[in-house]
Amino acid sequence: MTPITVTVSNASGGVKYTRWVRLDSWALPNVAVQLNVTGSVSYTLQTTMDDPNSPTNPVSVNNVTWFNSNDSSVVNASASAQTNFVFPPTFARVQLNSGSGSVTATFAQAGVVPV
C-alpha cells in the first residue's frame with residue numbers, strides 16, 4: 001500500500017480542485033483518506049465511477065459526474081478529518097470551495113501492489 005498525496009490551495013479566486021487520484025479497482029476495496037487543513041478553507045471530498053480511459057464505456061473528461069462523499073463530515077468541511085471508502089471509486093479529488101489556506105489529501109488503499 002503506497003499512499004498517494006495531493007494538495008490544493010488558495011481558493012480566493014474561485015473553486016479549485018486537486019488532481020484526480022486513480023484508485024485500483026482490482027485491489028481490496030478499503031481506502032483510507034486523511035485530509036489535512038492549513039489556514040481557513042471550506043472543502044469537499046468527491047468521487048466518481050466514470051472513467052475517461054474505459055475501453056468499453058469511456059466518458060469525456062468534461063462530462064465526468066462527481067459526487068460529494070457519503071461521509072458528511074468531509075462535505076463543506078473546514079477542519080482536518082479522516083474518512084474511508086468501503087468501495088473503491090474510480091477517481092477521487094478534493095474540491096476547495098473557498099478560503100486562503102490549503103487541503104492535503106492522502107489516500108491509502110489496501111492490497112495495492114507497488115509498481
Side-chain angles (χ1 to χ4, degrees):
M1 163 173 29
T2 304
I4 299 170
T5 302
V6 293
T7 301
V8 61
S9 59
N10 193 7
S12 60
V15 174
K16 292 186 178 177
Y17 302 91
T18 62
R19 67 179 177 86
W20 299 8
V21 173
R22 170 72 180 192
L23 296 160
D24 189 341
S25 58
W26 295 101
L28 296 173
N30 312 80
V31 180
V33 184
Q34 181 164 313
L35 300 134
N36 294 329
V37 170
T38 59
S40 176
V41 298
S42 169
Y43 69 89
T44 299
L45 178 62
Q46 296 183 317
T47 63
T48 187
M49 298 296 288
D50 291 343
D51 186 357
N53 302 311
S54 171
T56 58
N57 190 28
V59 175
S60 163
V61 170
N62 295 331
N63 291 327
V64 168
T65 302
W66 290 95
F67 293 93
N68 293 344
S69 174
N70 292 334
D71 181 352
S72 62
S73 72
V74 292
V75 175
N76 295 317
S78 58
S80 296
Q82 285 186 342
T83 188
N84 59 70
F85 303 139
V86 294
F87 66 91
T90 305
F91 291 98
R93 70 180 183 184
V94 177
Q95 174 182 293
L96 189 59
N97 304 314
S98 63
S100 58
S102 67
V103 178
T104 298
T106 301
F107 298 83
Q109 184 175 9
V112 175
V113 178
V115 181

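Any value given below was found using the heavy atoms of this structure, including those in side chains, with hydrogens, waters and symmetry copies removed.
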K.L.:
I'd like to know whether Ser78 forms a side chain to side chain donor-acceptor pair (under 3.5 Å) with Ser42, so could you lay out the CA-CA distance, the side-chain angles of the two residues, the decisive distance to 0.1 Å, and finally the verdict.
P.N.:
CA-CA 5 Å; Ser78 58; Ser42 169; over 6 Å; no
K.L.:
Is it the case that Asn30 and Asn84 place a side-chain donor and acceptor less than 3.5 Å from each other?
P.N.:
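No, Asn84 and Asn30 have no side-chain donor paired with an acceptor closer than 3.5 Å.
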K.L.:
For side-chain contact (heavy atoms from CB on, under 4.5 Å), just list the numbers for Leu45 and Val75, CA-CA rounded to whole Å, side-chain angles, deciding distance to a tenth of an Å, and then say yes or no.
P.N.:
CA-CA 6 Å; Leu45 178 62; Val75 175; over 6 Å; no
K.L.:
Look only at the side chain of Ser40 and the backbone of Gly99, and say whether a donor-acceptor pair between them is shorter than 3.5 Å.
P.N.:
no
K.L.:
For the residue pair Thr106 and Val33, establish whether any side-chain heavy-atom pair is separated by less than 4.5 Å.
P.N.:
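No, too far: nothing below the 4.5 Å cut-off.
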K.L.:
With rounding to the nearest 0.5 angstrom, report the CH2 to CZ distance, Trp20 to Arg93.
P.N.:
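Here the rounded value is 7.0 Å.
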K.L.:
Do Ser73 and Asp71 pair up side chain to side chain, a donor and an acceptor below 3.5 Å, judged on atom types alone?
P.N.:
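There is such a pair (donor and acceptor under 3.5 Å, judged by atom type) between the side chains of Ser73 and Asp71.
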K.L.:
Could you tell me which non-hydrogen atom of Gln46 sits nearest to which non-hydrogen atom of Asn68, and how far apart they are?
P.N.:
NE2-OD1, 3.2 Å
K.L.:
Please name the pair of heavy atoms, one in Val86 and one in Pro29, separated by the smallest distance, quoted to 0.1 Å.
P.N.:
O-CB, 3.5 Å
K.L.:
Check whether the side chains of Asp24 and Gln109 place a donor and an acceptor atom closer than 3.5 Å, and report yes or no.
P.N.:
no
K.L.:
Classify the side-chain pair Thr90/Asp50 by whether it contains a donor and acceptor separated by less than 3.5 Å.
P.N.:
no
K.L.:
Please name all residues satisfying ring-ring contact (aromatic ring centres under 6.0 Å, His included) with Phe85, sequence neighbours left out, ordered by chain then number.
P.N.:
none
K.L.:
Are Val74 and Leu35 close enough that some pair of their side-chain heavy atoms sits under 4.5 Å apart?
P.N.:
yes
K.L.:
Quickly, which of Thr7, Val6, Thr104 forms a side-chain contact (heavy atoms from CB on, under 4.5 Å) with Thr18? Name it, please.
P.N.:
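When side-chain contact (heavy atoms from CB on, under 4.5 Å) is applied between Thr18 and each of Thr7, Val6, Thr104, only Val6 qualifies.
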K.L.:
Consider only side-chain heavy atoms of I, L, V, M, F, W and Y, link residues closer than 4.5 Å, and tell whether Leu28 and Trp26 are in one cluster.
P.N.:
no
K.L.:
Please walk me through it: do Asn76 and Asn97 pass side-chain contact (heavy atoms from CB on, under 4.5 Å)?
P.N.:
CA-CA 7 Å; Asn76 295 317; Asn97 304 314; 3.3 Å; yes
K.L.:
Taking C-beta and beyond as the side chain, do Asp51 and Val59 meet within less than 4.5 Å on heavy atoms?
P.N.:
no
K.L.:
Less than 4.5 Å apart, any side-chain heavy atom of Phe91 and any of Arg19?
P.N.:
no
K.L.:
Can you hop from Tyr17 to Phe107 via hydrophobic side chains spaced under 4.5 Å?
P.N.:
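Shared cluster, no.
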K.L.:
Around atom CG of Asn70, are there more than 12 heavy atoms from other residues, nucleotides or ligands closer than 6.0 Å?
P.N.:
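At most 12 heavy atoms, drawn from other residues, nucleotides or ligands, come within 6.0 Å of this atom.
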K.L.:
Any idea which heavy atoms bring Pro58 and Pro52 closest together, and the distance?
P.N.:
CB-O, 3.7 Å
K.L.:
A side-chain contact here means heavy atoms from C-beta on lying under 4.5 Å apart; do Tyr43 and Gln95 qualify?
P.N.:
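Not in contact.
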K.L.:
Taking all non-hydrogen atoms of both residues into account, name the closest pair between Val8 and Lys16 and its distance.
P.N.:
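For Val8 versus Lys16, the nearest heavy atoms are CG2-CB, 3.7 Å.
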K.L.:
Give the minimum heavy-atom separation between Leu23 and Pro89, together with the two atoms involved.
P.N.:
CB-O, 3.4 Å
K.L.:
Take Ser102 and Asn10, measure what side chain to side chain donor-acceptor pair (under 3.5 Å) needs, and give me the verdict at the end.
P.N.:
CA-CA 6 Å; Ser102 67; Asn10 193 7; over 6 Å; no
